[in-house]
Amino acid sequence: MTSEYKKPLPRPAMNPEVSKPFWEGTKKHELWMQYCLNHNGHFFYPREVCPICWAPQDRLVWQKVSGKGRVFSYTTVFQPAIPAFAEEAPYIHALIEVDEGARIIGNVIDIPQEDVAANKLEVNQRVEAVFEDVTDEWTLVKWKPIGEG
Amino acid sequence: MSLRGEAAIIGIGELPTQRSTPGRSMLGLLGDAARIAIKDAHIRKEDVDGIVTEGGATYPASVAEYLGIRDVRFGTGSSMMGASGATGIAIASMAVMNGLANNVLVLMGVARNPALGGGGEGFGGPGGEFEMPYGTAAGANTGYAMIYKKHMDQYGTTQEQLAHVASNQRFNALENENSAFKGQAISHQDVLDSRYVNYPLRLLECVMPCGGAAAAIVTTAERAKASLTNPVYVLGVGTALDDFGAYPKPEFTTSPVARSAPVAYAMSGYTPRDIQFAEFYDCYTILEAMCLEDAGIAPKGEIGPFFAATDTTYKGTFPINTDGGQLSSGQPGLAGGFRHVIEGARQIMGKAGVRQVARKDLCLVNG
């Protein structure tokens with residue numbers, strides 16, 4: 001599988017040790033996010049300091065979250081910056097707000113291509129995480145539309 | 001006037017110096033130092049409204065985003081090598097004594113983490129890990145398109161309305177010798193017919209990267225009066241900073257102008273209604289539109305109808321980006337944002353030639 005995947009893989013540049021539980025989670029097809037024991041809330045992306053209350057690292061734990069949320073906003077990419085995405089274009093690059101409150105970037109998939117091209121996706125569409133094992137090492141989290149409730 | 005006695009350091013934070021900092025990043029270490037400093041100063045995180053970082057490897061906006069500092073009124077880099085920290089204190093002093101911020105956090109530091117290459121210079125944002133794998137569009141298109149879509153959903157703004165931003169500015173650029181699009185007319189329909197780069201952003205709603213440069217000279221009012229020029233006086237300034245990336249910010253469709261413009265207005269003694277013309281940063285139609293409403297040129301959420309109903313060319317009732325702006329002149333790096341200052345000054349000096357606006361004395365500029 002590894003040799004076939006031409007698109008960019010995650011490059012953990014901030015701190016690979018801090019974001020590791022996130023990627024270990026996706027490998028198990030689970031969505032994990034950091035939770036701050038000081039102010040009792042989730043946040044994303046992974047950090048060494050809580051961005052809400054500056055609690056230090058030892059007050060931050062990882063929790064499995066529901067994997068459900070809504071499309072906060074999105075763009076349909078007709079002209080990708082990275083050539084490897086060209087054959088898939090147009091596709092949806094979205095900002096998802098998970099039910100636990102944090103926001104995360106991902107693609108919304110499982111939509112008929114003609115609807116993608118016609119920008120039919122609605123803001124606030126309910127979505128659920130799905131996991132794509134793109135290489136032996138990496139599993140990306142993507143999102144598919146689901147019904148309300 | 002000097003800053004003598006006008007500002008003070010009220011808290012300090014320092015981490016133990018270590019040969020290596022395994023498991024830690026520069027951003028994480030900066031956060032730990034910041035926590036110690038606010039405790040020492042007896043202030044809360046929410047009281048921090050200014051930030052000075054090194055500015056090269058660490059953008060103030062990236063550090064503010066990582067640390068979740070929400071209301072940054074003043075942020076800048078201090079890229080002075082070993083003197084960056086001391087210069088940062090001088091800059092912070094100037095900011096607080098002039099009312100641009102109350103509590104400025106000056107932050108410098110570096111990690112030496114073997115997992116990050118160990119060299120110590122390592123700094124990376126979240127983009128390569130959490131955005132790129134999902135196929136971003138070129139430049140800043142991805143974030144601004146999502147802001148555009150959210151604005152449409154939230155306020156009913158339409159692409160037809162914002163296309164006027166691009167077509168009116170092209171009219172302004174037609175006789176601008178310095179515009180990359182001089183003489184190349186486009187209509188409102190041309191904007192709507194241009195292809196999507198990434199929905200809802202069409203090609204003619206995005207800037208074209210170019211080469212170029214701009215410069216300006218600032219002196220004291222006293223010297224200006226004695227000079228052989230027609231001076232352009234700075235009457236009010238407000239600054240504010242937002243997250244580097246679009247996605248963590250809670251106020252998705254509100255720009256930092258909502259916080260900077262009131263400061264500039266209050267300092268100047270003028271209100272939005274007094275403004276005669278505007279030169280506003282315009283990397284994309286949506287960004288310019290959103291900033292204009294945040295500056296009170298139209299009520300929040302009503303900038304779409306404003307553009308549909310207002311002639312914003314240099315001949316119009318409220319001229320905006322009278323030289324074509326970046327959208328119709330090109331974006332020569334940071335001179336692109338600087339052009340709004342240059343054109344505003346040019347108009348006030350009365351040197352804008354054929355595109356000279358009728359009411360030229362009070363301009364609002366956003367960079």
Side-chain angles (χ1 to χ4, degrees), chain A residues 7-19 22-23 43-57 71-82 84-85 88-95 102-107 117-119 121-124 134 138 140-142, chain B residues 22-32 34-35 38 45 65-69 111 113 115-116 122-139 141-154 195-201 203 245-248 252-253:
Chain A
K7 289 179 280 193
L9 292 166
R11 281 185 295 107
M14 280 187 300
N15 191 332
E17 289 157 90
V18 165
S19 60
F22 177 82
W23 297 112
F43 62 87
F44 192 80
Y45 45 90
R47 291 166 168 90
E48 293 159 55
V49 178
C50 170
I52 312 296
C53 70
W54 283 5
Q57 219 169 357
V71 173
F72 184 80
S73 190
Y74 77 94
T75 176
T76 314
V77 182
F78 288 81
Q79 186 183 329
I82 302 151
F85 282 94
E88 274 175 49
Y91 57 87
I92 289 163
H93 183 99
L95 184 54
R103 290 187 204 153
I104 180 170
I105 290 280
N107 302 121
N119 306 304
L121 178 63
E122 300 272 359
V123 169
N124 289 325
V134 295
W138 293 101
L140 299 180
V141 55
K142 300 193 175 182
Chain B
R24 303 308 309 275
S25 68
M26 175 197 284
L27 290 166
L29 295 176
L30 291 178
D32 285 351
R35 182 186 318 107
I38 58 166
K45 175 197 176 224
E65 175 189 299
Y66 187 94
L67 297 179
I69 306 174
N113 180 344
L116 293 169
F123 167 74
E129 185 169 5
F130 297 111
E131 297 174 46
M132 297 279 277
Y134 304 105
T136 43
N141 283 38
T142 314
Y144 282 116
M146 290 196 290
I147 289 169
Y148 197 157
K149 179 63 184 170
K150 192 72 182 177
H151 204 281
M152 289 165 65
D153 187 71
Q154 209 169 351
R195 67 181 167 84
Y196 281 126
V197 179
N198 53 305
Y199 167 85
L201 276 178
L203 182 67
Y247 75 92
F252 204 67
T253 51

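Quick note on labels: first sequence line is chain A, next is B, and so on, each numbered from 1.
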Highest number of heavy-atom pairs under 4.5 Å with chain B among S19(A), C53(A), P90(A), P56(A) belongs to P56(A)
Among V18(A), V77(A), N15(A), the residue with the most heavy-atom pairs under 4.5 Å to chain B is N15(A)
Assert top hit (heavy-atom pairs under 4.5 Å, partner chain A, pool K149(B), R195(B), K45(B)) equals K45(B)
Checked P22(B), P133(B), G127(B) vs chain A; the most non-hydrogen pairs under 4.5 Å come from P133(B)
message = Would Y148(B) and T253(B) count as a side chain to side chain contact (heavy atoms under 4.5 Å, CB included) here? Give the steps.
response = CA-CA 8 Å; Y148(B) 197 157; T253(B) 51; over 6 Å; no
Engaged part of [X] at the chain A interface, taking heavy atoms whose separation is under 4.5 Å:
| X | result |
| --- | --- |
| R24(B) | both |
| L30(B) | neither |
| D153(B) | side chain |

Q) Any chance CD of Q154(B) has more than 12 other-residue heavy atoms, nucleotides or ligands included, within less than 6.0 Å? A) yes
With only heavy atoms counted, which part of [X] is less than 4.5 Å from chain B, the side chain, the backbone, both or neither?
| X | result |
| --- | --- |
| A102(A) | neither |
| E17(A) | side chain |
| F22(A) | side chain |
| F78(A) | both |

May I ask you to establish whether R47(A) and Y66(B) are in a cation-pi arrangement, using a distance under 6.0 Å from NZ or CZ to the six-membered ring centre and at most 45° from the ring axis? yes
Is the Lys NZ or Arg CZ of K150(B) less than 6.0 Å from the centre of F72(A)'s six-membered ring, within 45° of the axis? yes
* Side chains of T142(B) and E131(B): is there a donor and an acceptor less than 3.5 Å apart? -> no
